[in-house]
Visitor: 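Here's a structure for you.
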Amino acid sequence: MGLRIINRRPGRGGALFWGALPFLAVLALYLTFSAMRLAENPNDKLLPALSTIAETVVRLAFTPDQRTGQVLLWVDTAASLARLAWGLAVSAALGLVIGIASGLVPYLRAGLSPFVAVVSLIPPMALLPILFISFGLDELSKVVLIVIGIAPFLIRDLAMRVEAIPPELVIKAQTLGASTWQIITRLVLPTMLPKLIDALRLSLGPAWLFLISAEAIAAQDGLGYRIFLVRRYLAMDVILPYVAWITLMAFLMDWGLRALNRRTSPWLTRGMA
Amino acid sequence: MGLRIINRRPGRGGALFWGALPFLAVLALYLTFSAMRLAENPNDKLLPALSTIAETVVRLAFTPDQRTGQVLLWVDTAASLARLAWGLAVSAALGLVIGIASGLVPYLRAGLSPFVAVVSLIPPMALLPILFISFGLDELSKVVLIVIGIAPFLIRDLAMRVEAIPPELVIKAQTLGASTWQIITRLVLPTMLPKLIDALRLSLGPAWLFLISAEAIAAQDGLGYRIFLVRRYLAMDVILPYVAWITLMAFLMDWGLRALNRRTSPWLTRGMA
Amino acid sequence: MSTVRVRNLWKQYGDQVVLEHINLDIPSGEFCALVGPSGCGKTTFLRLLLAMEQPTRGTITIDGKPLPGEPRPDRGVVFQRYSVFPHLTVEENIVLGLEFARAPLTGRLYGAKKRRALEEVAETIERVGLSPSRTKYPGELSGGMQQRLSIAQALVRKPRILLMDEPFGALDPGTKAQMYVLVRELWRAERMTVFMVTHDLKEGFSLATRVLAFDKVRHDPQAPEAYGATVKFNIPLDDKAERAEIVSKLPALAATENEEGATRGRPWARLFDFAGTTRRKRRESHERTSV
Amino acid sequence: MSTVRVRNLWKQYGDQVVLEHINLDIPSGEFCALVGPSGCGKTTFLRLLLAMEQPTRGTITIDGKPLPGEPRPDRGVVFQRYSVFPHLTVEENIVLGLEFARAPLTGRLYGAKKRRALEEVAETIERVGLSPSRTKYPGELSGGMQQRLSIAQALVRKPRILLMDEPFGALDPGTKAQMYVLVRELWRAERMTVFMVTHDLKEGFSLATRVLAFDKVRHDPQAPEAYGATVKFNIPLDDKAERAEIVSKLPALAATENEEGATRGRPWARLFDFAGTTRRKRRESHERTSV
Amino acid sequence: SPAGAVEKKSFKIAWSIYAGWMPWGYAADSGLMKKWADKYGINVEIVQINDYVESINQYTAGGFDGCVMTNMDALTIPAAGGVDSTALIVGDFSNGNDGVVLKTGKTVADIKGEKINLVQLSVSHYLLARALDSVGLTEKDVSIVNTSDADIVSVFTSSSDSKAVVTWNPQLAEVAAVKGATKVFDSSKVPGEIIDLLVVNTGTLKDNPALAKALTGVWYEMMEKMAAGDEAMLTHMAKASGTDLAGYKSQLVTTRMFYKPAEAMEFTTSPQLPKTMDLVRTFSFEHGLLGEGAKTKDAVGIAFPGGEILGDAKNVKLRFDAEAMKLAAEGKL
Ligand SMILES: Nc1ncnc2c1ncn2[C@@H]1O[C@H](COP(=O)(O)OP(=O)(O)OP(=O)(O)O)[C@@H](O)[C@H]1O
Ligand SMILES: Nc1ncnc2c1ncn2[C@@H]1O[C@H](COP(=O)(O)OP(=O)(O)OP(=O)(O)O)[C@@H](O)[C@H]1O
Ligand SMILES: [Mg+2]
Ligand SMILES: [Mg+2]
């Protein structure tokens, strides 16, 4: 009898092959449907041919716009990335600070955890007007929307993880004379760092989503702005590469965060612990 | 010297008091700003007085609509809850099945995990036209939007958790003669159930968000639809109670899921393990 | 039958050689005690036998067939840090092995079948002294109770090869004595091949029919990681009645005994020097005191 | 100074009474060995001393003052399941106590200070035999190595009261002997009060100056959970030189000895029955063999 | 499917909330649509889509046989996307329903240098271009911030960052009501340029003449009721658009409804329409709305009732057709 399926491991090449398979399947699906639709209506905009998309990409990424003289894709990317970076950084900081505080200190937990839970459940899009009076219409409100969107998740996740630290370790630290602050710097922060990074990885999708939504509300540049703008005439030849580009960047961030995790927390992969 | 702050615990009453505090603070802030704005412009719609909100609530929640004879709030709630329930149920099922499969079986992990990671990073709002063409504009597409929005998170989170099951336990099960399927039913499923419920709790916010977005695009009832409809008139006296109502329901779900966790997994709270 | 043969086995973690050049022939039914200094690789050896880890070099065969590359119910295990299933009660943990065998689909027995299975394990539960804690979860048990639970769990499946990593380390002498009786009974009844890591030499010599002492034979003070441990002494306890029986059944194996030069002239008597006990104890311990 | 006084201590988990009616007076500097059957509540007692758990009834005082309601550096601990910090290397785990003391703000030393601290702990690392594994993470250590790490970690802070839960259970005799020397030295030098749970009676009697045997004295076969364990035998080992010294310094305490009727007439000699060893060993073990 | 040249029985029409299109909701709810569909032996499903652009996208992608939209969107989305579309019913034109509102300025000229919130590339954008034109400014003199129609009221009301908006009703009424705000320009100054249409796939229409008859029939029955001031109908439509009767009536004031088919026919066949469409297509081309393939504004052909064609005659994708309205006017439905 062969090995159980849970004990069989693909090699490097195998992993690559299996990993690529679903992507190829989706691509094949797209090409089929696109070809079908284009056969019916050569001007179909919903699923443009790859060649059309390629042309558009060349125009967006390498040709300066006639009106502004800027290369649209890069302008949009720079604007969006700046907003995203701010949003992620602020959210991560909040997640770490409030998450640790509320996970570690029972009084803060009592005070914060129901509030954070409720805030995390409020649909932010419905309260945009209130956001606008408080934070204006510029970059700030976009960053704030990202923060409102993902910080509550980060806070709750981190707080749950802090609560799950084995009590023996916290006790041990105290018997070694650690103050609360030292427990945070030497035990909680280093063990939470990889959890924070994992949580950030899981928030990348929502963060981009909130960014794009924010850019749809009031903006003059940004990837989300462009997508909503061209949606007005169903320019999927622009939307699809933009979405692919966003996904690629998000994937690279995800990959980078994972690599960062391995670097900063070598103990996770060393040994069997 | 007093106890370290991490070792001091509020009593039941204390917890209630501290928990209520931030809510009262927000309420006080609202009342102040609302009064300020109303003093300037008695017709201000942005931050209506509580009395105005109360009147609207009475109208929405207890007065049958002349046109249809139905009470709007309940109709909307029923419609939204049905969609949400479907979305959550399908997502949870997918999260459990694919998450466990890809966390446990190396070949499936190789094949699925990059794909799921990428899917989780695609902003679904940007691909709505394709979504609606594929799934129609009925209930299905709304459920699908919720599923696309939260299932990848659930899948990735569950897969990470399955991978984090101590290898000793999986080995032990195998030495006790467990087949892969038995490992799933007796070890993986029961230990993942509480993690799934926790992950679902964290997805409640996003699930409502996607529901509201879907209802804002194509629906004729539902809480999101109503918010969308009155948003153009800036009817905050409708939006605010609707948002509060959504949040309350989400909070009750969160609370219910937590209670469910304690009931179905008593081992989590028994003993020190 | 479960004859274990190890040929030129090496195991490295990165640059560190943990085990080197291990050769063993263990006849079916032998009770081996593994002793050796802390960190020398005893657990690693068990992990290799379990196929939790793959050897860097060398082979392990059971009855002439290569070791299956994954854990199987023919090899039961009690881990050093006694891991039991945290989500199952004592009773459920112990009956689990039977459920896996009898309910291939769900891994769960119901009704009369469940009751019958519970009755079958009731004696084991009683004998490891966990009857009063039958419905507790592992988180509510003391360290020694968890260890007994882990032993009971492994025994219920009656594996052909039983691997135990310091199984009695967290038990008081009285409980330990009960466990000795339990394990020995099962060993005799099922003719299991047992590998037991222990730090208690007396325990090893009294329970086992063969003692395997792991230690480094080569040292490089400059590079402590360069050399690994091997089986320094391989001591068949020929004076044991059980062992005579095992060997008599396997005349073919008698020859290999001669390979083990180390067993001649009792150089392993030095083993007891570790113990920090006075030499005068040595002979005593070697007498089979009732356990 | 750290005189421990326990008065009418009870501990229940739900309906289960674990400990009942415990009264103790431990003079400062005493080395107490806690023995007793598995699951009787030894660990629970240590957890109470550590203030990890609150007693259901009764009080614990140290030097007359109520036990602080939380763990403090005056009470060091080695847990039964030797938990060390998984994210720190061996060296970092051990030096951590010093860093907490010397870098109040960050809990981390740098540069020359760090080097000095590392030099200070180098001897301890050497003596627990972890020098070659100095830069390994706990996940890469064997069970016994983790246990030694945990001991070294607790010793570095030189607590006034040291609580150890089966600290040498996973060690081979040779390593164990080294650890005995290390712990005894520190105990003498720092005049620590030590509570050590052990299942090795010989270890208890040879290391300690007082043996506390926990066991149930009341049994209800119908409701095994109704009664808890208490200190059945409280045995000051008056024949030890160290003990004479401790008591001589504290004449006030000599009186309380008389409270412990149990120590008269050596009824505790029965303790050795648990051990399953032959009675003839009893006296031998009680002689202080060199450890 | 859009070009499917097969006769079919069931059709789907999409509509979204706007003063001039509210009758479609009433048609579905009141059963009038079913009455007319039954009369011609077909089945017509009227589907409300909240997001206006999404409804057009769905129509363009083939999800619907017809959809309501403005003349400009009909040109730039389905027509430019290769979907041959026919403007079956010309329902109304905006006569003040779209406007430019300033918080501080009092005239169009005050807009210079301002940041303006509007839905870019929509009729609002077109209106702004016309407004700027009227005072000799160009788009370069202002900066445009794309703002979704759902948020425009809250942006203007609650943020001091927002000083100027261009939008349509009902949002227009809300922003114009903001203290101190002035409506400096509206669509009544460019009458007949922003036209609200029911657009149907040309192929489907050709293969299924019954569809045109049923849709036109129901529409003008409703127009009659509306013109007569049917209280129940108006209340129904007011509710559905999220306001009350008074609010809805005020929106109708600035909507030039063609209650009579003859009026609509006359508007469609007038020589003014090609001129309007030329303005629209010029604007669209300049803003890249005719697609990347479009090298000139002639890329997409527009056909008018008299046979006149604007742009590429070999690529006519938008057709104004008065036939059905003519039948209605003649009472032949
Ligand atoms: N995953 C790992 N990565 C690196 N080194 C490891 C790993 N696992 C074990 N080692 C090393 O291998 C050696 C042997 O470990 P093992 O656990 O087999 O010892 P042991 O004989 O069981 O000791 P003990 O009696 O203390 O349990 C140790 O030096 C340990 O540091
Ligand atoms: N959190 C808990 N909830 C319920 N019961 C518990 C809990 N912790 C311990 N117990 C019970 O308390 C009793 C004493 O446990 P304890 O760990 O103190 O035993 P011990 O003397 O240390 O035993 P061992 O020698 O096996 O470690 C056991 O019967 C155990 O089941
Ligand atoms: Mg080991
Ligand atoms: Mg214990």
Side-chain angles (χ1 to χ4, degrees), chain A residues 36-48 52-53 55-60 63 65-68 72 125-141 213-222 224-239, chain E residues 1-4 51-54 56-63 72-73 75-84 115 117-122 125 139-140 143-148 150-162 203 284 286-293 300 315 317:
Chain A
M36 269 168 55
R37 291 185 69 97
L38 287 169
E40 247 180 49
N41 170 10
N43 285 325
D44 180 60
K45 286 180 150 186
L46 190 71
L47 304 178
T52 317
I53 293 182
E55 275 167 37
T56 311
V57 169
V58 168
R59 178 172 61 83
L60 291 171
T63 325
D65 186 57
Q66 297 139 334
R67 278 205 292 159
T68 55
L72 288 184
M125 301 304 177
L127 294 184
L128 286 176
I130 293 182
L131 205 72
F132 295 144
I133 1 175
S134 321
F135 302 103
L137 281 173
D138 295 334
E139 300 303 284
L140 182 61
S141 63
S213 308
E215 289 179 338
I217 293 163
Q220 293 171 280
D221 50 16
Y225 163 78
R226 194 75 49 200
I227 288 176
F228 274 87
L229 192 60
V230 302
R231 193 171 83 101
R232 273 214 74 89
Y233 50 102
L234 197 63
M236 296 304 288
D237 59 331
V238 176
I239 294 180
Chain E
S1 74
D51 189 283
Y52 168 65
V53 173
E54 196 55 45
I56 307 176
N57 283 345
Q58 289 295 308
Y59 163 75
T60 308
M72 179 174 133
D73 292 317
L75 174 66
T76 58
I77 307 176
V83 177
D84 194 335
K115 260 190 187 175
N117 295 99
L118 52 76
V119 182
Q120 237 174 321
L121 310 183
S122 71
H125 199 162
E139 274 187 54
K140 291 211 169 62
S143 83
I144 292 172
V145 181
N146 188 36
T147 306
S148 95
D151 298 311
I152 225 146
V153 181
S154 50
V155 162
F156 193 72
T157 317
S158 54
S159 175
S160 50
D161 294 350
S162 174
S284 302
E286 282 168 358
H287 288 83
L289 298 183
L290 297 185
E292 279 320 304
V300 180
N315 187 34
K317 292 294 179 194

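Note that the structure is predicted; figures quoted are calculated from it, not measured. Naming convention: chains lettered A, B, ... in sequence-line order (proteins, then strands); numbering from 1 in each chain.
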Visitor: Contact part of Ala216(A) toward chain E, heavy-atom cut-off under 4.5 Å: side chain, backbone, both or neither?
Guide: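 For Ala216(A), backbone heavy atoms alone lie under 4.5 Å from chain E.
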Visitor: Which atoms of Val119(E) come close to chain A, meaning under 4.5 Å heavy atom to heavy atom: side chain ones, backbone ones, both, or neither?
Guide: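 The side chain, not the backbone.
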Visitor: Does any backbone or side-chain atom of Asp73(E) lie under 4.5 Å from a heavy atom of chain A? Answer side chain, backbone, both or neither.
Guide: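 Contact with chain A involves the side chain of Asp73(E) alone.
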Visitor: Among Ile144(E), Val53(E), Asn146(E), single out the residue with the greatest number of heavy-atom pairs under 4.5 Å to chain A.
Guide: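 Of the candidates given, the most pairs with chain A belong to Asn146(E).
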Visitor: Which atoms form the tightest heavy-atom contact between Asp138(A) and Lys115(E), and what is the distance?
Guide: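 Distance-wise, the nearest heavy atoms are OD1-NZ, 3.8 Å.
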Visitor: Is it the backbone or the side chain of Thr157(E) that comes under 4.5 Å from a heavy atom of chain A, or both, or neither?
Guide: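 Neither part.
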Visitor: Test Leu234(A) against every option in Asn57(E), Ile56(E), Thr76(E) by the side-chain contact (heavy atoms from CB on, under 4.5 Å) rule and name the one that passes.
Guide: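 Exactly one pass, corresponding to Asn57(E).
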Visitor: With a 4.5 angstrom heavy-atom cut-off, is it the side chain or the backbone of Leu46(A) that approaches chain E, or both, or neither?
Guide: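 Answer is side chain: those atoms of Leu46(A) sit under 4.5 Å from chain E.
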Visitor: If you compare all heavy atoms of Pro129(A) against all heavy atoms of Ser158(E), which two are closest, and at what distance to 0.1 Å?
Guide: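 Residues Pro129(A) and Ser158(E), closest heavy atoms: O-OG, 3.5 Å.
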Visitor: Look up atom CE in Met236(A) and atom OG1 in Thr60(E), then write down how far apart they are to the nearest 0.5 Å.
Guide: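 The CE atom of Met236(A) sits 12.0 Å away from the OG1 atom of Thr60(E).
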Visitor: Rounded to the nearest 0.5 Å, what's the gap from CG on Leu229(A) to NE2 on His287(E)? Could you check?
Guide: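 It is 10.0 Å, given to the nearest 0.5 Å.
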Visitor: For Asp221(A), which atoms come within 4.5 Å of any heavy atom of chain E: side chain, backbone, both, or neither?
Guide: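 Nothing of Asp221(A), per the 4.5 Å heavy-atom cut-off to chain E.
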Visitor: For residues Asp51(E) and Arg231(A), report the shortest heavy-atom separation together with the two atoms involved.
Guide: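 Looking at all heavy atoms of both residues, the shortest contact is OD1-NH2, 3.1 Å.
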Visitor: Examine whether an atom of Ser143(E) lies under 4.5 Å from a heavy atom of chain A, and if so say whether it belongs to the side chain, the backbone or both; otherwise answer neither.
Guide: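 Its backbone and side chain both get close to chain A.
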Visitor: Tell me, for Leu137(A) versus chain E, whether the close heavy atoms (under 4.5 Å) come from the side chain, the backbone, both or neither.
Guide: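 Both backbone and side chain.
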